[in-house]
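Numbers restart at 1 for each chain; the letters A, B, ... are given by sequence-line order, proteins then strands.
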There are 2 protein chains.
Amino acid sequence: MPATAARSAGRFTPVNKESTASLITRQLREGIMDGSLPAGSQLSEARLSAAFGVSRGPLREAMQRLVQEGLLRAEPNRGLFVKELDAEEIRDLYVARTAVESAAALKIVRDAATETTPRAVALLRATCTAMRRAATAGDLSALSDADFDFHEELVTASGSARLRRMHETLMVETRMCLTALEGTYYDPEDQVDEHRRIADAIADGDEAAVLRAIDDHMHQALERLIRGGEADTRG
Amino acid sequence: MPATAARSAGRFTPVNKESTASLITRQLREGIMDGSLPAGSQLSEARLSAAFGVSRGPLREAMQRLVQEGLLRAEPNRGLFVKELDAEEIRDLYVARTAVESAAALKIVRDAATETTPRAVALLRATCTAMRRAATAGDLSALSDADFDFHEELVTASGSARLRRMHETLMVETRMCLTALEGTYYDPEDQVDEHRRIADAIADGDEAAVLRAIDDHMHQALERLIRGGEADTRG
DNA sequence: GGTATCATCATTGTCGACAATCCACGGATC
DNA sequence: GATCCGTGGATTGTCGACAATGATGATACC
């Protein structure tokens, strides 16, 4: 390799022009998460392509991705609809999340030889304190964000691209149903503790405790979600 | 419901006209698995659309699905290439498989109250005997098929749609790299035993043993794969 | 000889238009 | 009164063509 100016260009990041379909996908995903595209609603190709100012080609591509992610449901010759999650689906969602996050946490524990593990634990604990701050401040939005950060960092720290990608989809679904019932939050302190227990178990390298802590947290979260949903439909 | 002829029509299956894109997706996936579309090769939209006798629209849709599944790699404005798996990727693949299959097996154990569990165990054991038959007969292709059946049934029996779908993709990738190194099989009897141990642990309802058996099997399979790959490149 | 520049070509990205399909709504029929 | 057609409108599915982009090879220049 010649000694050109390229050597000093370490600070440059490779330009990655994102494809039109990717941009649209992201925006649609956002819309599904934040509820501006409510569950069950139909997404008209014509209307959306007009709104985005592109033709139906790239838009279709974006929607197909979301179908494959499981966020949209395609009825042939009928159209695409935002998927609705019933209680059974939500349970399944948490089964899958438990699978992915347990595996991620276990991998972190087992890679304890590397220096990534202490860093991961530090990050997770930082997120926990962020949660606690938000909880004491009564800022439910920040609490929810920190909650999501915790789980995202957990899976990212595992270093597994596949777990990471699976989890991404699952978290979008999670955020979707959380949005649907509009932040009914129980026991913020309990939630913080659940996360802290997970971080502690990882720090201790106690595999069984890690699995228990994650399993417990998922069950609690699921319980909160289902209870919240029932209260929502009742009231 | 009126007593029309519809009642006697139970044997009819709902006609589900599969979309063109789905058909193409399946065929491309097959091609990737069986090696007729080798890793690293570029998939030309024009050529393929001509081969399938459709326009580029549905074909692009099909390829986008495979990109999202992680089987194809998209280079913007360059084209789509069949993804190549190096040793690190294969390890990650098995991390993800372990995550999904462990969760599935655990779910089966914990749903032991239902009658699905005994049925699942019976199916798994049947697959094991099929493996043994193939092993003693020296039919490596049948052995591989039974192997895949085992894991597929394991995840299907869990009843989790999400685990199921994640696993589907992972198994295509698995089959892809198995095909790449052309069935270098070690110790068929050992393999049968590994599967049988998983089935037994599920039957016993011993969660720890289930996790150990799956973890062990995955490590062994990974070892076989990596070793096979190295031998392949060496010779 | 090595490098920069340019034309060429193949390939992907995007678009607008047409065909096929399906639901909704009236009207006719028994 | 309920059911069966047929039409109308809207939506998706598909196609062919054009624009944009990037690689390749030839040519001119230092």
Requested in this report: Find the distance R78(A):CZ to dG9(D):P and express it as a whole number of Å.
Outcome: 19 Å
Report task. Would you mind classifying the nucleic acid contact of L59(B) as base, sugar-phosphate or nothing, using non-hydrogen atoms under 4.0 angstrom? Result -> nothing
Query raised in the report: Would L124(A) and F150(A) count as a side chain to side chain contact (heavy atoms under 4.5 Å, CB included) if you check the C-alpha gap in whole Å, the side-chain angles of each, and the deciding distance to 0.1 Å?
Result: CA-CA 6 Å; L124(A) 293 177; F150(A) 180 94; 3.8 Å; yes
Query raised in the report: Would you say the side-chain atoms of H167(A) and E101(A) include a donor-acceptor pair closer than 3.5 Å?
Result: yes
Requested in this report: Scan S19(B) against the nucleic acid and name what it touches under 4.0 Å (heavy atoms): base, sugar-phosphate only, or nothing.
Outcome: nothing
Query raised in the report: Of the nucleotides dG22(D), dC22(C), dT14(D), which has the atom closest to the T20(B) side chain?
Result: dT14(D)
Report task. Over 60° means perpendicular and under 30° means parallel, so classify the ring planes of H151(B) and H217(B), tilted if in between. Result -> parallel
Report task. Could you tell me whether D92(A) and K107(B) have a side-chain N and a carboxylate O separated by less than 4.0 Å? Result -> no
Query raised in the report: Should E69(B) and R29(B) count as an ion pair when the cut-off is N to O under 4.0 Å?
Result: yes
Query - dG13(D) base / R56(A) side chain donor-acceptor hit below 3.5 Å - result: yes
Requested in this report: Name the closest nucleotide to the Q42(B) side chain, picking from dG13(D), dC15(D), dT12(C).
Outcome: dT12(C)
Query raised in the report: Rounded to the nearest Å, what distance is computed from the CG atom of residue L80(A) to the C1' atom of nucleotide dG13(D)?
Result: 12 Å
Requested in this report: Consider the side chain of E45(A), meaning its heavy atoms from C-beta on, and name the nucleotide among dT12(D), dC15(D), dC15(C) that approaches it most closely.
Outcome: dT12(D)
Requested in this report: Rounded off to whole Å, could you give me the CD-to-P distance for the E61(B) and dT14(C) pair?
Outcome: 15 Å
**Report entry** Shortest side-chain distance from S55(B), nucleotide among dG13(D), dG13(C), dC15(D)
**Finding:** dC15(D)
**Report entry** For atom CD of E18(B) and atom P of dT14(D), their distance in whole Å
**Finding:** 12 Å
Requested in this report: Find the distance R60(B):CZ to dC15(D):C1' and express it as a whole number of Å.
Outcome: 14 Å
Query - Upstream residue (5' side of DNA chain C) when N77(A) and V54(A) are each assigned their closest nucleotide - result: V54(A)
Requested in this report: Whole angstrom is fine here: how far is it from CD in E75(B) over to C1' in dT12(C)?
Outcome: 12 Å
Requested in this report: Would you mind classifying the nucleic acid contact of G57(A) as base, sugar-phosphate or nothing, using non-hydrogen atoms under 4.0 angstrom?
Outcome: nothing
